[in-house]
Protein chains: 2
Amino acid sequence: MIKVTIKDIARQFKVSTTTVSNALNGKPGVGKTARKKIVQMAKKMGYQPNYFARGLVSRQSYAIGLTIANISDPFSAELALGVYEKANELGYTMMLFNTNYNLGNETKCLEILKSKGVDGIILATVTQDDSNIDSLDEIQMPYVLVNRLILNPKKANRIDSVSVDDYGSFYQAAKHLCRMGHQNIAMIAGDMDVSTAIALTHGANEAFTEYGVTIPSDLFIECGFSRERAYQAAKAIFSKKNRPTAILIQGDNMALGVREAAYEIGIKIPDDLAIVGLDDINISSLAGIELTTIRQNQYKMGATGAQLLINKIKGEDHSGISNKIVMESDLIIRKTCGFHLKGYVK
Amino acid sequence: MIKVTIKDIARQFKVSTTTVSNALNGKPGVGKTARKKIVQMAKKMGYQPNYFARGLVSRQSYAIGLTIANISDPFSAELALGVYEKANELGYTMMLFNTNYNLGNETKCLEILKSKGVDGIILATVTQDDSNIDSLDEIQMPYVLVNRLILNPKKANRIDSVSVDDYGSFYQAAKHLCRMGHQNIAMIAGDMDVSTAIALTHGANEAFTEYGVTIPSDLFIECGFSRERAYQAAKAIFSKKNRPTAILIQGDNMALGVREAAYEIGIKIPDDLAIVGLDDINISSLAGIELTTIRQNQYKMGATGAQLLINKIKGEDHSGISNKIVMESDLIIRKTCGFHLKGYVK
DNA sequence: CTGAAAGCGCTAACAA
DNA sequence: TTGTTAGCGCTTTCAG
């Protein structure tokens with residue numbers, strides 16, 4: 001690969017590399033005409049500053065890392081897009097890593113990220129007892145959690161995060177189902193070691209107790225966040241004697257799995273079964289899918305996370321206190337919950 | 001951020017940095033016990049080689065770039081996943097960039113990629129007269145095209161690529177439609193400046209002429225590859241007097257847009273309108289969507305591209321001739337073309 | 001306003 | 001088997 005260095009362009013004008021460097025970086029102490037000439041020549045020669053040399057002295061990479069579940073999952077993709085665009089806007093590039101919700105993978109990803117000298121990291125798949133966070137603290141690597149929270153107050157205080165009001169989200173969703181008269185309801189949860197799943201479950205339960213509904217233990221299934229696993233969980237539920245009239249599902253992608261399982265054995269949605277998801281991924285609104293769900297703006301979450309992280313990197317956040325941003329969410333009533341057919345019961 | 005250098009660990013044992021470097025990199029010329037001790041100490045001290053220092057001397061970043069349309073588009077995401085996993089497997093990290101099918105954006109992305117010192121680039125959104133390719137040639141940056149071809153034989157000979165048999169794909173698809181008896185067929189194309197769109201269109205046209213079908217010029221719409229644009233194109237088509245009985249669409253994501261447009265004005269699929277897409281993205285098989293389409297293994301395309309690129313970077317590809325891999329594709333008959341209702345006409 | 005010199009952390013020649 | 005020296009390309013004192 002071709003390489004033009006500041007030395008090369010210094011030689012052209014018989015000036016020092018310092019002058020060239022200063023000229024090119026807009027620093028003071030260079031004559032106006034000299035600067036102009038140098039800048040022009042640099043462009044003409046196709047000069048590109050050497051990333052490694054610069055990084056070596058400045059100790060900055062202008063790169064951030066992002067660990068998400070999996071880029072082929074629509075929720076992750078939308079979140080990644082938010083991070084990407086905000087980061088780009090602020091002059092940073094993004095390195096993407098998939099953890100597949102696996103702690104060991106996450107560790108590996110962070111190892112690589114550290115070794116690549118990124119300036120900071122956005123973590124979107126952290127679990128409650130995630131040792132990886134501690135290792136970032138140790139080396140004082142800036143990081144921000146997105147769509148996740150650490151509940152342990154000892155740690156939580158120091159941790160920046162962008163999340164959604166999951167508790168309120170599923171409180172709303174569960175309440176909606178109760179008001180429609182459902183009493184035999186199932187819930188398919190992601191991973192109860194994760195803050196979102198915990199909050200969602202608690203939120204739903206609050207509404208359920210308000211309405212005197214209880215979820216039998218065999219109708220509460222924790223299965224991980226994938227479509228495939230939710231499909232299997234639904235199959236298990238459908239094989240029970242006490243088949244529920246409604247299922248609350250902690251993710252639209254998972255809900256699509258439930259939907260497939262239902263269709264496969266001839267259960268009609270919403271006639272025989274109401275389902276409510278979470279996230280409002282972009283396919284949820286498609287004709288024939290029309291999933292009732294909770295809208296969470298993944299894009300904005302990602303973008304906000306990137307903004308927060310970069311502020312932190314640049315040291316513009318001198319507050320000393322941690323920054324916890326919680327976003328609102330909205331119940332989107334579509335067809336899968338059957339509201340358009342029955343409305344609320346009195 | 002904390003920094004342990006080889007100097008620090010050299011000091012521990014009063015040896016030179018060279019010895020430490022050699023020990024840590026598994027190079028010969030270090031005593032067995034010395035090596036063991038050094039490696040152990042490095043681990044204990046949490047040593048991480050400085051990426052920038054290493055890159056500066058080795059001139060390798062072990063990072064590759066990927067330019068795709070947009071990560072939130074399922075086709076792109078699956079392709080990116082293939083690149084990501086193969087690259088990771090081979091010890092490379094991936095930097096992701098969205099071009100949104102815009103040449104100017106692509107140029108910007110490549111500028112950044114170059115400035116970050118990546119070892120090579122995978123391009124998935126190149127158009128026929130893409131000047132960006134030339135600029136990569138100029139600086140001798142290794143690259144591979146994925147899902148794209150350069151048709152101009154003058155250039156094409158030198159260019160590595162992984163693509164699908166698009167011509168055959170749409171030949172198959174169009175033939176299928178013709179055999180079902182459709183005669184009034186529309187086609188929604190992506191961007192006729194792009195190799196895939198060109199090949200798809202030609203392939204379809206061959207089948208059409210075989211069956212004596214012609215597409216009236218107002219039923220051939222070139223609209224770009226997004227769902228939204230395809231939605232609008234479909235609206236335009238539906239407003240015509242000569243409404244077609246079938247539409248061939250150059251992408252499943254686009255097909256979903258057409259589907260939405262149809263449902264919105266009460267056109268029933270497949271009863272009133274047959275549609276056939278391309279790509280078989282992972283939502284195409286969902287109950288109620290069941291899109292007839294052509295399967296193209298995006299994941300494999302990405303992975304193969306990454307493999308090819310990294311071979312090239314490592315100089316293992318001494319063939320001197322360019323490597324063009326063309327993958328097969330399969331027609332997946334689901335419900336949107338109505339085959340299950342009518343089958344082939346005699 | 002300009003330049004010389006030093007050094008970031010690492011690897012590669014070359015000596016010892 | 002080990003150490004010394006030099007240098008990758010850049011920025012940053014500090015003199016002129």
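Sequence lines set the chain letters: A, B, ... in the order given, protein chains first and strands last, and positions in each chain run from 1. Keep in mind the model is a prediction, meaning the values are calculated, not measured.
Under 4.0 angstrom from either OP1 or OP2 of D:dT11 there lies no side-chain N or O belonging to A:S58. Side-chain nitrogen and oxygen atoms of A:Y47 include at least one within less than 4.0 Å of the OP1 or OP2 phosphate oxygen of D:dC10. For D:dT11, one of the phosphate oxygens OP1 or OP2 lies less than 4.0 angstrom from a side-chain nitrogen or oxygen of A:R54. Close to D:dT12, at under 4.0 Å from its OP1 or OP2, lies a side-chain N or O of A:K27. Taking side-chain N and O atoms only, A:N25 has a distance below 4.0 Å to OP1 or OP2 of D:dT11. Side-chain N/O atoms of B:T19 include none lying less than 4.0 angstrom from OP1 or OP2 on D:dT2.
At distances below 3.5 Å, at least one donor-acceptor pair connects side-chain atoms of B:K312 with backbone N or O atoms of B:Y143.
The residue A:P49 sits close only to the backbone: its heavy atoms come under 4.0 Å of sugar-phosphate atoms, none of a base. Across all strands shown, A:K32 has no heavy atoms under 4.0 Å from either base or sugar-phosphate atoms. Using a 4.0 Å heavy-atom distance criterion, A:V30 is classed as a sugar-phosphate-only contact.
Put simply, CD on B:Q60 is 11 Å from P on C:dA12, counting in whole angstrom units. The distance from atom NZ of B:K116 to atom C1' of D:dG9 is 17 Å, rounded to the nearest whole Å. Protein atom OH of A:Y51 is 15 Å distant from nucleotide atom C1' of C:dC8, rounded to whole Å. Rounded to an integer number of Å, the gap from OH of B:Y62 to P of C:dC10 is 16 Å. In this structure, the NZ atom of A:K37 is 15 Å from the C1' atom of C:dT2, given to the nearest Å. Between the NZ atom of B:K3 and the P atom of C:dG7 there is a distance of 15 Å, given to the nearest Å. Atoms CZ (B:R59) and P (C:dT11) sit 14 Å apart, rounded to a whole Å. Between the CD1 atom of A:I9 and the P atom of C:dT2 there is a distance of 14 Å, given to the nearest Å.
Side-chain proximity of B:T5 to C:dC10, C:dC8, D:dG3: nearest is C:dC10. Out of D:dT13, D:dG9, C:dC10, the shortest distance to the side chain of B:N50 is found at C:dC10. Out of D:dT4, C:dC10, D:dT12, the shortest distance to the side chain of A:T18 is found at D:dT12.
With respect to A:R59 and A:D119, no salt bridge is recorded, no charged nitrogen being found less than 4.0 Å from a carboxylate O. Between B:K155 and B:D134, at least one side-chain N (NZ, or NE/NH1/NH2) sits under 4.0 Å from a carboxylate O, which counts as a salt bridge.
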**Request:** Check the pair A:N323, A:D160 against side-chain hydrogen bond (donor to acceptor under 3.5 Å, both in side chains), reporting the backbone distance first and the verdict last.
**Result:** CA-CA 5 Å; A:N323 219 330; A:D160 288 350; 5.6 Å; no

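In terms of position along DNA chain D, the nucleotide closest to B:R35 lies nearer the 5' end than the nucleotide closest to the other residue of the pair B:R35 and A:F52. With DNA chain D read from its 5' end, the first of the two nearest nucleotides for B:N22 and B:L56 is the one closest to B:N22.
Aromatic ring orientation, A:F52 versus B:F52: tilted (interplanar angle from 30° to 60°). Ring planes of A:Y62 and A:Y92: tilted class, angle from 30 to 60°.
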